[in-house]
Amino acid sequence: MRVPLLPGSALKPFTALALLRSGAITTTSRLRCLRVTPRYGARYACVHARVRHALDLEQALALSCNYYFLTVSSRLRDASWRSTLAQFGLTPDGASGSAAGDVGTRAIGAEGIHVTALQLLEAYRRLALLISRAPHDRQLRAIGNGLRGCVRYGSCRQAAVPGWNVAGKTGTIAELQGGPTHAWFAGYAPAARPSVLIVVATPKGTGSADAAKLGGEVLRWMHRHPSSWNQPPSANAAAAPPAQSPHAPGLLPKTVLVRETARQSHGGKRLVKMPLETYVAGVVQGEAQDLPFTAQVAMAVLARTWVLTNRGRHAARGFDFCTTTHCQDWQTPRATAWRATRRTTGQVLLYHGRPVQVFYSEDCGGRTETVAPGYTDGKRLPYLRGHPDPFCLASPDRNWSSRVSNAALIRALLQARILQHRPSSVGVAIAARDRDGRATRILLTPDGGRPMAITAARFRFAVDRTLGWSRLKSTWFTLHRTGNDWIFNGHGLGHGAGLCQAGAAGMARRGASYASILAFYYPGTRIAYLDQPTAQVSLQAALQPAAEHGRRWHIAGSGRCEVRYQGRRPSQVVQLCGPLLRQSERELHRRLRGKVLVSVFPTTAAFLAAGGRSGWLGAAANKNRIALQPEPLLLRKGLLRNQLHHDLLHVVMAGYLRPHIDPCRQEGAVLLLTGESKGVTKTAYKDQDSAAGEPLRILNAALSQARSHLALQQAYRDCYDWVAARAALTGKQQFLDSILR
């Protein structure tokens, strides 16, 4: 619920409202779907059924037409889009749009904006109430009709509830290129007067179909048992402690060992083993409690990242961190600090895949400080270079002045043991500055003694420790002597490196997101969620005849079709493998070279860990090896025979393919032979709008970039159409001979 993910098409209702409000389209604007947007290629090809007529906004929303939204969103400016999203509590990740200034692929939630389940729930709550309270508003009515159409005939059909008018929207996204697919369903009922609102987020699976199906099951149960959920909240309901998110071993620790001060432990310094998120919330409370909420959220990410790079700072004394400013100021967290921490649970700041070195100060004075290599293991880090900061110029610490008497200065230098003997007077001069203007070396000239140079940081520490911690607020100062007093005129509060809290507060008040704040102060970095990594090995390695996943492989079958399995014997696979192999050879008029090894995995998780592309694929083939999902699962779905036949054809074909035969022609030929395309509406090959007329490069791109079950089905269907059109012209065998030796 607290993991930020790309919203995918679940964002389209809000983009639609922005389009209508900005005048980019009207409720009757129509556009014919060409499936592939020229501007973005096949990467965002439509997966809905082919529609011959032009779509209006309601139909495009119901069918989740990417072509429609990507095309019309080229007229939508970034500022209008952001303004509408802000009304629903949604904030894009960064501050920049596309080169043309429009919203681009962010309009369909494909990049540039991440939401948690709770954020999406709140956004749809506001939208549902807005639609229900303004039934005569044409724009809102069009969006409401589109959400109802999604359930009646669009991508949310599996969420329908007999007797209940449900409105909703699905979204399927891939968090990273080639990464796991996540799906959303957000829906509410009854559509006219909402009383139920749910958001479902499912990892992997078959995409939006899984999310809509699960959402429908929940809604149907709620419709049948209204008394089980339609109750007022308990008067004793209190804010529970935040749940802890999972953390990957060796990445984010689950707990840290902290030594409390005598004040915090009521007299004795005790060690406390506390959950990571509790420590982060306490740091936000101690270091940032006076900042605006968005700035506190940014500080939560930094505090968590700081743990990664500094854990064990007091290892020699038996604990990780203290609760003073020597590490990070920690105080018992309150509600706002908890809320800021929960907003970013598990998030850290990375640079080229590694946690950043975290520095922050109260006020940089108008320019951040470049961190010297001595503080970063001898490395100059690009994200810690000084740069102007226009957001903290209104801070009360932007400019400061301090008067220190000559006697007080001598006393401070003596207590710090910088001076060994008390002089009658001491001269002070700045010997060196860095490129950002801060003093780095101070030259002291005691009356009657030898000149000596010390670092500006040591000089400032000596003065502040004796005379008060805000006497010299930073090392960015000038000085001159007036009589027996030294006058220091400076800028900022603290060392000025990394994030400037005064500047972060200024950005937050201007409406910047926490991601924008971190991007400004740590340029080139990115926010990432550290979770339990999925162990993956190559399919070739997984199919080697050795023990893996903690179980021993057994072998069944003989001759040219060998079946490996773990646990229960897959009797149906053993019986079908030989006959289906011979059938495949007859259909292709080619004989398998060597033998085929079929590995049947005991669980879907084991199949995925062995290199399966996704949980919604029944098998994966690699040369003469096939990996199958569990036999009971394939039998229950009625897929075992077709799946095995499909992959055996691939195995036989692999030994005879001509050079440069693309995957689309291979898949289309296999579908033509297996008959899996029966029941699919075939497109007339002479129709210029059919898949048969699409260039192969577009079809192959759609096939390779499919990130959901529906997208893959559509890509298979289009490849079949292309192959069927050619086979109808030349004959099936002639087409096979054209791709096989």
Side-chain angles (χ1 to χ4, degrees), residues 7-40 44-46 48-88 90 92 97-98 100-110 112-113 123-124 126-156 165 167-171 186 188 191-192 194 689:
S9 294
L11 192 70
K12 287 177 181 174
F14 308 100
T15 298
L17 187 58
L19 286 162
L20 291 170
R21 287 178 172 176
S22 67
I25 60 171
T26 67
T27 56
T28 57
S29 297
R30 291 182 173 272
L31 187 68
R32 186 176 183 182
C33 176
L34 302 181
R35 308 192 70 78
V36 177
T37 309
R39 183 175 177 184
Y40 301 102
Y44 302 111
C46 290
H48 60 76
R50 291 182 179 277
V51 181
R52 298 296 181 186
H53 62 271
L55 301 175
D56 61 17
L57 177 64
E58 292 181 12
Q59 296 165 335
L61 193 56
L63 296 175
S64 198
C65 180
N66 286 341
Y67 183 89
Y68 183 99
F69 278 92
L70 287 173
T71 302
V72 299
S73 292
S74 63
R75 314 166 195 167
L76 179 62
R77 300 297 95 181
D78 182 79
S80 300
W81 182 67
R82 285 174 175 271
S83 175
T84 300
L85 261 59
Q87 179 184 353
F88 300 95
L90 301 174
S98 67
D102 64 359
V103 179
T105 54
R106 294 178 297 163
I108 60 172
I113 178 170
Y124 269 85
R126 297 183 189 183
L127 180 64
L129 292 176
L130 195 64
I131 293 173
S132 64
R133 291 171 181 173
H136 302 297
D137 187 303
R138 287 188 177 182
Q139 295 180 347
L140 293 173
R141 187 167 67 242
I143 293 174
N145 290 340
L147 295 177
R148 287 192 288 273
C150 183
V151 178
R152 287 200 303 270
Y153 62 86
S155 60
C156 315
N165 192 2
K169 189 71 188 75
T170 55
Y188 57 91
D689 292 329

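All figures in this text were calculated on a predicted structure; none of them were measured in a lab.
The shortest side-chain heavy-atom distance between Leu57 and Leu20 falls under the 4.5 Å cut-off. Here the side chains of Phe88 and Leu130 are in contact, with some heavy-atom distance below 4.5 Å. Between Thr37 and Asn66, the closest side-chain pair of non-hydrogen atoms is not below 4.5 Å. You'll find the side chain of Arg21 reaches within 4.5 Å of the side chain of Gln87, heavy atoms only. Taking the side chain as every heavy atom from C-beta outward, Leu147 and Val151 never approach each other to under 4.5 Å. Considering only heavy atoms from C-beta on, Ser22 stays 4.5 Å or farther from Arg77 through its side chain.
Heavy-atom minimum distance, Gln139 versus Thr27: CA-CG2, 4.0 Å. When all heavy atoms of Val103 and Ala107 are compared, the closest pair comes out as CG1-N, 3.5 Å. A pairwise comparison of heavy atoms in Leu140 and Ala134 identifies CD1-CB, 3.8 Å as the closest pair. Pairing each heavy atom of Leu61 with each of Pro13, the nearest pair is CD1-N, 3.9 Å. Here the closest non-hydrogen pair linking Leu70 and Gly104 is CD2-O, 4.1 Å. Taking each heavy atom of Arg106 and Pro92 in turn, the nearest pair found is NH1-CB, 4.4 Å.
Using modelled atom types, no side-chain atom of Arg148 and backbone atom of Gly168 make a donor-acceptor pair closer than 3.5 Å. Side-chain atoms of Thr84 come within 3.5 Å of backbone atoms of Ser80 as a donor-acceptor pair (strictly under, hydrogens ignored). A donor-acceptor distance shorter than 3.5 angstrom exists from the side chain of Ser132 to the backbone of Ala128, with no hydrogens or angles considered. Looking only at distances, no side-chain donor or acceptor of Tyr40 sits under 3.5 Å from a matching main-chain atom of Ala45. Without hydrogens or angle criteria, Thr71 side chain to Tyr67 main chain gives a donor-acceptor distance under 3.5 Å.
Between the CG atom in Leu90 and the CG atom in Leu11 there is a gap of 6.5 Å [rounded to 0.5 Å]. The distance from the CZ atom of Arg30 to the CD1 atom of Ile25 is 12.5 Å, given to the nearest 0.5 Å. Note that the NZ atom of Lys169 and the OG atom of Ser9 stand 4.5 Å from one another [nearest 0.5 Å]. In this structure, Ile143 CD1 and Leu127 CG are separated by 6.5 Å, a value rounded to the nearest 0.5 Å. If you take OH on Tyr68 and OG on Ser73, they are separated by 9.5 Å, rounding to the nearest 0.5 Å. Between Trp81 atom CH2 and Phe14 atom CZ the span is 11.5 Å, to the nearest 0.5 Å.
Take Thr26 and apply the side-chain contact (heavy atoms from CB on, under 4.5 Å) test, not counting sequence neighbours, and it matches Thr28, Ser29.
Using modelled atom types and a 3.5 Å distance limit, the side chains of Lys12 and Thr15 yield no donor-acceptor pair. Of the N and O atoms on the side chains of Ser64 and Ser155, not one donor lies less than 3.5 Å from an acceptor on the other residue.
Taken together, Cys33 and Cys46 fail the criterion of an SG-SG distance shorter than 2.5 Å.
No more than 12 heavy-atom neighbours from other residues, nucleotides or ligands sit within 6.0 angstrom of CZ on Arg138.
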